[in-house]
Novice: 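One structure follows; several queries about it will come next.
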Amino acid sequence: MIRRIRIVWQVFFLVLFFVLLWRATQLRMDAWPVGLFAWVDPLLGLSATLAASRADAWVRLLFVAALALAAALAVRRGPRWRWAGAVVAIAAGGAYLTAADIAFHRPLAWGLVVVGATIVLGRVWCGWICPLGTIQDAVGRLGQRTRTRRRRAEVNRYRRAYALKYYLLVGLLVAAVFGVQQAGLLDPIALLTRSSTAVLLPADDAAATALLGDAAQGWTWFPQEHLTVGAWVIGAVFAAVLLAGLWVPRLFCRAVCPLGAMLGVLGRYSLFRFRRSESACTRCRLCDGVCPGAAEPAGELRTAECMACFNCSELCPEEAVRFGPAAGAGAHERPEADLSRRGLITAALAGFFAWPFARRVSGARARPSPGAVRPPGALAEDDFLAACVKCHACLRACPTNVIQPAVAQAGWEGFWTPVMDFRLGYCEYNCTACGSACPTGAIRAIGLDAKHGTGDFAGAGPVRLGTAFVDRGRCLPWAMDRPCIVCQEVCPVSPKAIELRRGEGNGGQADLQRPVVVPERCIGCGICSHKCPVADAPAIYVTAIGATRDRSHRLAL
Amino acid sequence: MDTSSDSRPGATRREFLGRAASAAAAVGAAAGATGWLLARGGERDEPTAPPAFAGLRRAQAGKIALAETDDHAAGVRAAVEAIGGMGRFVRAGDVVFIKPNAGFDRPPWVGATTSPAVVAAVVGLCRDAGAARVLVGDCSINDPAGCFRRSGIGPAARAAGAEVLLPRAGDFEDVRIGGRRLKTWKAFHRPFRRRGVNCVIGVPTAKTHARSVISGAMKNWYGLLGGPRSLLHQDIDTVLADLCGMMPRSLIVMDATRLLVRNGPTGGSRGDVRTAHRVLAGTDQVAIDALTAEWLGHDPGRIGWLHLAEARGLGTTDHEARLIEAT
């Protein structure tokens, strides 16, 4: 019964995920909490908060050292050590909160709900809520269907490789303490949002348009055909997650998911958990065959791996596995994650070294990169890189398809962060959908007055994404004495940021109008570039210089 | 069965027939798919494009009528009535396509898009004249869904009983326009064929434009073109005359309730807009655009495309001879 209820909830949350994704576009957003799943995701919340906070290097180092001590204590067996570890960790966290300048994006506080639920009930997020987990459950069932009971139990055996997720978590969080944000690459909500935007939703749109024709109008995910550059890579990662799940149920959750790892660390302290009664158990291993987390309920039950799915308790013919208060947990339990000290130290060092590597070696932050034109409302580059979890909710929301995942435009740190590709679109003057969709505040939710620099924001001036430059070697009126002025026509600001110089060229054309950009008026929206008839390499282009979000991008005096 | 599979390495007759049948089915399916793809491929590069917007009802009015009132819906009704009433252009059972200027994602006060009240009034007149269906569409420069919503045209047209057509990639096809520059071009044409549109009404708004001096009735037809239309600015005079020739003798209701006198065609500040409370109706696009140009402060005599269109016999720049006052 409770298993059925769980499946109903899983389907509900999966549907809710896609309903919110359906709403996450300029014209449908209204007041819908489209970032909800990312907000309640405590990994994204913690990682974004850690990375965006400011502290002296030695404070960060001390913090990590204290956490390392806590981990070293907690890894030991025995409740006393475990609690000592927890106390040290909490003390370190408290000290860091006071010593560092914490940048907290409020909606991320919802993550505490999942943290609380995990401490009470275990990893219910994984078993009951996570939409990527639900998808994998469905795929995993398909894979297990043709296998014998013994084979199923064998496939669900715990493997040492499953500890990888804990090391990934440690590495990602240590990197975050030093301001390097990469958690979104592996976080399930970011992964599913990204995969949906790049592959699932466009595929659905294409199918609906092909099959339904006109009837599909108004019922597509995107207003126009949506293209994510490099979508095949994002799609391949998603396909790999599904295929792995077909081979071994929830292999991604078991071995890779850093959110699962984080909840596993908390789950070991959970107040309620599953226990197996040695006397009632007949060693049939039916439960092992249905356990999505490879928690081995028929063996030494690994609470950290348990997803509280109730498969084992429901299917046990002897009712030997039961869910109940943790007090007096039996001997047949291994609550703690399976971690080696050596592995932890390696992971922490890897995370730490991401820091100098990001800053010094890749040089992304050493000087402004011309291609790092960010969506309107984006934070200054350092803060943006710290807060952006690469979930691509902004790509999803954008009506013009201009927002694209960076490859190298923003250094290796900025891989898959959003940048503007003006060949594919432009920033719509009367639109702030990306900021409203961003779950971590990397793109601030600004209104039109703030974007335009009108009303209360008249003093601050408009948000500029960059500055347009005319390439006089390619511009038709400049290079070829042919009239054009499309860039001036579509320029949305008043007075227009493109002025026309009368000119006479070789042909003696009387009304040749040659475009010149006025930098004080240009907001870098890029519609000039997008509509330029010299389409392959536009004769007017936008680079990040002049962007108001970052002082280092200053251009005009 | 056990003995046969053990002793003889070959297949039984039944197995053979089964395999042969599935092989034949696979080959047949592949051949069918290939044929289907080939047939589709053939459809794609049609050797002759259909003529552009053929089969539309054309009706000519001798006059252009001006209504000046701050009740813009009444102004539309009066102006259309003065040139013979909507019944002259729309018959019972017609499928009417109304082409407003919904080019930009901008609120109505900016003056970059046709006033929603004017569009709604035209829709209402069409319905009163017995039109079976009224479609409103434009291939906007900004995202069309956003344009129709923020300009107010979408909600107003729907409330008045029209259906809003937002362009999709499949709606465009090569059509023969037969102009001097615009010979064959991609246009928003497939919905016209599919829906059986037999009447077109242009509902432009009055705006300045750096390249064509003004954007009015003729420039409004730009919004029916697809393809790389930004190339057309290189010879805009010929192109606008070609567009007038593509849609001759069509009813035009010019929304000059406010004039975008500066910073056109996008506008953006209140200072760019002047209130005029005028509505023009007629079928002579040359006369309508010439008069609109004067309102916008430009000399029609210096607008090349007006002369080209006039020289082709598509209308007269002598708007005074045509103008009547509607009350």
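Every chain is numbered from 1, with letters handed out A, B, ... down the list of sequences.
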Novice: Using non-hydrogen atoms only, which part of B:R270 is less than 4.5 Å away from chain A: side chain, backbone, both, or neither?
Specialist: neither
Novice: Would you call the rings of B:F97 and B:F188 parallel, tilted or perpendicular, where under 30° means parallel and over 60° means perpendicular?
Specialist: tilted
Novice: Below 4.5 Å, heavy-atom pairs only: which of A:G218, A:P495, A:G213 has the largest tally toward chain B?
Specialist: A:P495
Novice: Under 4.5 Å heavy-atom distance to chain A, tell me which part of B:N142 shows up: side chain, backbone, both or neither.
Specialist: both
Novice: Is it the backbone or the side chain of B:R262 that comes under 4.5 Å from a heavy atom of chain A, or both, or neither?
Specialist: neither
Novice: Is the side chain of B:N101 donor-acceptor paired with the backbone N or O of B:G103 at a distance under 3.5 Å, no angle test?
Specialist: yes
Novice: Start with the C-alpha distance between B:R181 and B:D235, add both sets of side-chain angles, then the distance that settles salt bridge (charged side-chain N to carboxylate O under 4.0 Å, His left out), and finish with yes or no.
Specialist: CA-CA 8 Å; B:R181 275 287 181 194; B:D235 187 5; 2.7 Å; yes
Novice: Report which part of A:L27 has an atom under 4.5 Å of a heavy atom belonging to chain B: side chain, backbone, both, or neither.
Specialist: both
Novice: Can you tell which of A:P477, A:P223, A:P492, A:A216 has the highest number of heavy-atom pairs within less than 4.5 Å of chain B?
Specialist: A:P492
Novice: Counting only heavy atoms from other residues, nucleotides and ligands, does the tally under 6.0 Å from CZ of B:R180 exceed 12?
Specialist: no
Novice: Less than 4.0 angstrom from a charged side-chain N to a carboxylate O is my criterion; do A:D481 and A:R514 meet it?
Specialist: yes
Novice: Looking at A:H452, A:Q217, A:Q26, A:E225, which has the largest count of heavy-atom pairs under 4.5 Å with chain B?
Specialist: A:Q217
Novice: Is B:A145 in contact with chain A via its backbone, its side chain, both, or neither, using a 4.5 Å heavy-atom distance?
Specialist: both
Novice: For B:W109, does the CH2 atom sit with more than 12 other heavy atoms under 6.0 Å from it, leaving out its own atoms?
Specialist: yes
Novice: Quick test of your reading of the model: are A:R474 and A:D536 salt-bridged, counting only N-O distances below 4.0 Å?
Specialist: yes
Novice: What I'd like to find out is whether the side chain of A:L424 reaches to under 4.5 Å of the side chain of A:Q404, using heavy atoms alone.
Specialist: yes
Novice: Specify which of A:V486, A:N430, A:T400 makes the most heavy-atom pairs with chain B at under 4.5 Å.
Specialist: A:N430
Novice: Heavy-atom pairs under 4.5 Å with chain A - which of B:G268, B:P228, B:A169 has more of them than the others?
Specialist: B:G268
Novice: Please state whether the side chain, the backbone, both or neither of A:E428 comes within less than 4.5 Å of a heavy atom of chain B.
Specialist: side chain
Novice: Tell me, side chain or backbone of B:P144 under 4.5 Å from chain A's heavy atoms, or both, or neither?
Specialist: both
Novice: Which bit of B:R211 is near chain A, if near means a heavy-atom gap under 4.5 Å: side chain, backbone, both or neither?
Specialist: both
Novice: Fit a plane to each ring of A:Y426 and A:H530, take the angle between them on a 0 to 90° scale, and name the class: parallel (under 30°), tilted (30 to 60°) or perpendicular (over 60°).
Specialist: tilted
Novice: Let me know if A:L448 has heavy atoms under 4.5 Å from chain B in its side chain, its backbone, both or neither.
Specialist: side chain
Novice: Heavy-atom distance under 4.5 Å to chain B: side chain of A:V490, backbone, both or neither?
Specialist: both
Novice: Pick one of side chain, backbone, both or neither for A:Q513, based on which atoms fall under 4.5 Å of a heavy atom in chain B.
Specialist: side chain
Novice: Go through it in stages, so that I can follow the logic: the residues are B:H209 and B:H298, the test is ring-ring contact (aromatic ring centres under 6.0 Å, His included), and I'd like the CA-CA distance, side-chain angles, deciding distance and then a yes or no.
Specialist: CA-CA 11 Å; B:H209 190 282; B:H298 292 281; over 10 Å; no
Novice: Please state whether the side chain, the backbone, both or neither of A:T209 comes within less than 4.5 Å of a heavy atom of chain B.
Specialist: side chain
Novice: Hey, is B:D138 close enough to B:K99 for a salt bridge, meaning N to O under 4.0 Å?
Specialist: yes
